[in-house]
Amino acid sequence: MALSMEPKTDLDFILRNLLAGGVAGMCAKTAVAPLDRIKILLQAQSVHYKHHGVFAGLTAIVRQESIFALYKGNGAQMVRIFPYAATQFTSFEIYKKYLNGLNIPMVQHGDKFVAGAGAGATAVTLTYPLDTIRARLAFQITGEQRYTGIANTAITMFRTEGGIRALYRGFVPTMMGMVPYAGFSFYCFESLKYVLMKYMPTTMCRKCDRNTGGLVLTVPGKLVCGGLAGAVAQSVSYPLDVTRRRMQLACMDPQTAKFGAGMIQTLTLIYRENGITKGLYRGMSVNYLRAIPMVATSFSTYELMKQLLHLDTGMTVA
């Protein structure tokens, strides 16, 4: 049931945004969890699946492990994604509001990109250890488990791989990739949202009852904007995502331990050994298959939650 009144305080606004963002993230990640796992296995070149393509790999997981193995690591993902998405979306709203209040011409043209990049950086910093843990759990093969759960993974890594630094391995390339990824995601979504409202108000938008003359995107409109935003953002930041995964998973296999060095060394090593297509952009096909519906679902759910929680009262386009 939707709340019957609009937020009256800043704290109320923040709490509602946190809820909207967290729900959006959980829906999006659960929708693409099987593709997320095969992406990790392909990126890190698992000896069991590196010779498979996307669909053959998914079939092989079900055949060799079980259908539930498609969602291996998703429990850790949910623990991570709620605070991550909640922080990211809420930070974006706060940063965007702050930047709009500065009234600086140069900032106004790029405020959505700056706010998105800042929101992504904030969320990653707070939740990165959970992403590393989730990747370790997803990379495990049934019958060859090294970790038994989220807490066991965290404790084992902390004790045997160098303390807190182990949980933040790959953080630098992640942060460097997050700035363009989150920046372009939010910028493209907000820009496409404006374009649809201005040029396609009757087909992709509808009137908002709570704001006379205001418009909100329809579900197809939300999905179109989110999908295109995800495609652009992933294309720019993908090599750094591969680098992050190789660093996170380096200690899972003695043959891949060499990828546990710094970001530049890992990036260079991937390029030298596998090149661009089979190295830096390995798994890109599955990434498009997962990223486009994931971002589309994320933004669509968030926009819907905003409307249900009276956070989005419509937009008037001049």
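Nothing here was measured: the structure is a model prediction, and the numbers come from that model.
- In this structure the side chain of Y302 never reaches within 4.5 angstrom of the side chain of L311, judged on heavy atoms.
- Taking CG of D12 as the start and CG of N17 as the end, the distance is 10.0 Å to the nearest 0.5 Å.
- There is no path of hydrophobic side-chain contacts, each under 4.5 Å, that joins L19 to L126.
- Taking 4.5 Å as the limit, every side-chain heavy atom of Q88 sits out of range of all side-chain heavy atoms of T122.
- Ring geometry, F186 versus F92: the interplanar angle falls under 30°, so the pair is classed parallel (tilted spans 30 to 60°).
- In the hydrophobic clustering of ILVMFWY residues, with side-chain heavy atoms under 4.5 Å counting as a link, Y168 and V124 come out together.
- Formation of a donor-acceptor pair under 3.5 Å by the S298 side chain with backbone atoms of M294 is not found in this model.
- Residues V114 and Y98 share a hydrophobic cluster, clusters being chains of Ile/Leu/Val/Met/Phe/Trp/Tyr side chains in contact below 4.5 Å.
- A distance-only check finds no donor-acceptor pair linking the side chain of Y95 to the backbone of D111 [under 3.5 Å].
- A centroid separation of 6.0 Å or more is found between the aromatic rings of Y84 and Y128.
- Across all their heavy atoms, S237 and P180 have their closest contact at CB-CG, 4.4 Å.
- A distance of 13.0 Å separates CD1 in I276 from CE in M284, rounded to the nearest 0.5 Å.
- With sequence neighbours excluded, no residue forms a side-chain hydrogen bond (donor to acceptor under 3.5 Å, both in side chains) with T90.
- Atom OH of Y288 has more than 12 heavy atoms from other residues, nucleotides or ligands within 6.0 Å.
- To the nearest 0.5 Å, atom CD1 of residue I164 and atom CE of residue M157 are 9.5 Å apart.
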Step by step, work out the side chain to side chain contact (heavy atoms under 4.5 Å, CB included) result for T132 and F171. CA-CA 9 Å; T132 301; F171 179 74; over 6 Å; no

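- Distance check, rounded to the nearest 0.5 Å: CZ of R16 to CG of L308 gives 11.5 Å.
- Contact check for V232 versus L228: no side-chain heavy atoms found under the 4.5 Å cut-off.
- Put simply, the side chain of S185 never gets that close to the backbone of G230: no donor and acceptor are under 3.5 Å apart.
- Under the rule for a side-chain hydrogen bond (donor to acceptor under 3.5 Å, both in side chains), T30 has no partner lying at least two apart in sequence or in another chain.
- Within a 6.0 Å sphere centred on CZ of R159, heavy atoms belonging to other residues, nucleotides or ligands number 12 at most.
- Inter-residue side-chain proximity for F89 and V23 is flagged as unmet; no heavy-atom pair is nearer than 4.5 Å.
- Classified by interplanar angle (parallel below 30°, tilted 30° to 60°, perpendicular above 60°), the ring pair F189/F299 is parallel.
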Report all side-chain donor-acceptor pairs from residues 73-81 shorter than 3.5 Å, counting only partners two or more places apart or in another chain.
residue, atom, partner, partner atom, Å
Q77, OE1, R80, NH1, 3.0

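- Across every non-hydrogen atom of Q307 and L217, the tightest pair is NE2-O, 4.3 Å.
- Within the 3.5 Å criterion, the main-chain N or O of R282 finds a donor-acceptor partner in the side chain of Y238.
- Listed by chain and number, the residues in a side-chain hydrogen bond (donor to acceptor under 3.5 Å, both in side chains) with E161 are R136, R169 (sequence neighbours excluded).
- Closest heavy-atom contact between L304 and K222: N-CE, 3.9 Å.
- For the atom pair CE of M176 and CG of L267, the computed distance is 9.0 Å after rounding to the nearest 0.5 Å.
- For M175, the CE atom sits in a packed shell: over 12 heavy atoms of surrounding residues, nucleotides or ligands are nearer than 6.0 Å.
- The backbone N or O of G149 sits less than 3.5 Å from a side-chain atom of T153, completing a donor-acceptor pair.
- At a threshold of 4.5 Å between side-chain heavy atoms, the hydrophobic network of Ile, Leu, Val, Met, Phe, Trp and Tyr places Y71 and V62 in one connected group.
- No salt bridge links E273 with R246; every basic N to acidic carboxylate O contact stays at or beyond 4.0 Å.
- Using a 4.5 Å cut-off on side-chain heavy atoms (C-beta onward), V224 and L192 make no contact.
- One distance of note links CG of L15 with CZ of F13; it measures 11.0 Å at 0.5 Å rounding.
- Counting only distance, with no hydrogens or angles, the side chain of S300 and the backbone of V219 share no donor-acceptor pair below 3.5 Å.
- Across R290 and V32, no two heavy atoms sit closer than the pair O-CG1, 3.5 Å.
- Between I270 and L280, some side-chain heavy-atom pair lies under the 4.5 Å cut-off.
- The backbone N or O of I292 lies less than 3.5 Å from no partner atom in the side chain of Q234, so there is not a single donor-acceptor pair.
- Considering every non-hydrogen atom in both L18 and F82, the closest pair reads O-CZ, 4.2 Å.
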Please walk me through it: do N274 and Y281 pass side-chain hydrogen bond (donor to acceptor under 3.5 Å, both in side chains)? CA-CA 10 Å; N274 304 109; Y281 277 89; over 6 Å; no

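- The neighbour count for I67 CD1, taken as heavy atoms of other residues, nucleotides or ligands under 6.0 Å away, does not exceed 12.
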Run the numbers on D36 and K29 for side chain to side chain contact (heavy atoms under 4.5 Å, CB included), then give the verdict. CA-CA 8 Å; D36 245 344; K29 282 295 186 180; 3.4 Å; yes

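- Taking R37 as the reference, E65 meet the salt bridge (Lys or Arg N to Asp or Glu O under 4.0 Å) condition, with sequence neighbours excluded.
- For R134, the side-chain hydrogen bond (donor to acceptor under 3.5 Å, both in side chains) partners at least two apart in sequence or on another chain are D131.
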Start with the C-alpha distance between K112 and K193, add both sets of side-chain angles, then the distance that settles side chain to side chain contact (heavy atoms under 4.5 Å, CB included), and finish with yes or no. CA-CA 12 Å; K112 306 297 189 302; K193 178 179 175 181; over 6 Å; no

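- Between L58 and L35 the shortest side-chain heavy-atom distance falls below 4.5 Å.
- Between L196 and C225 the shortest heavy-atom distance is CD1-SG, 3.4 Å.
- The hydrophobic cluster containing L223 does not contain Y199, counting ILVMFWY residues as joined when their side-chain heavy atoms lie under 4.5 angstrom apart, directly or transitively.
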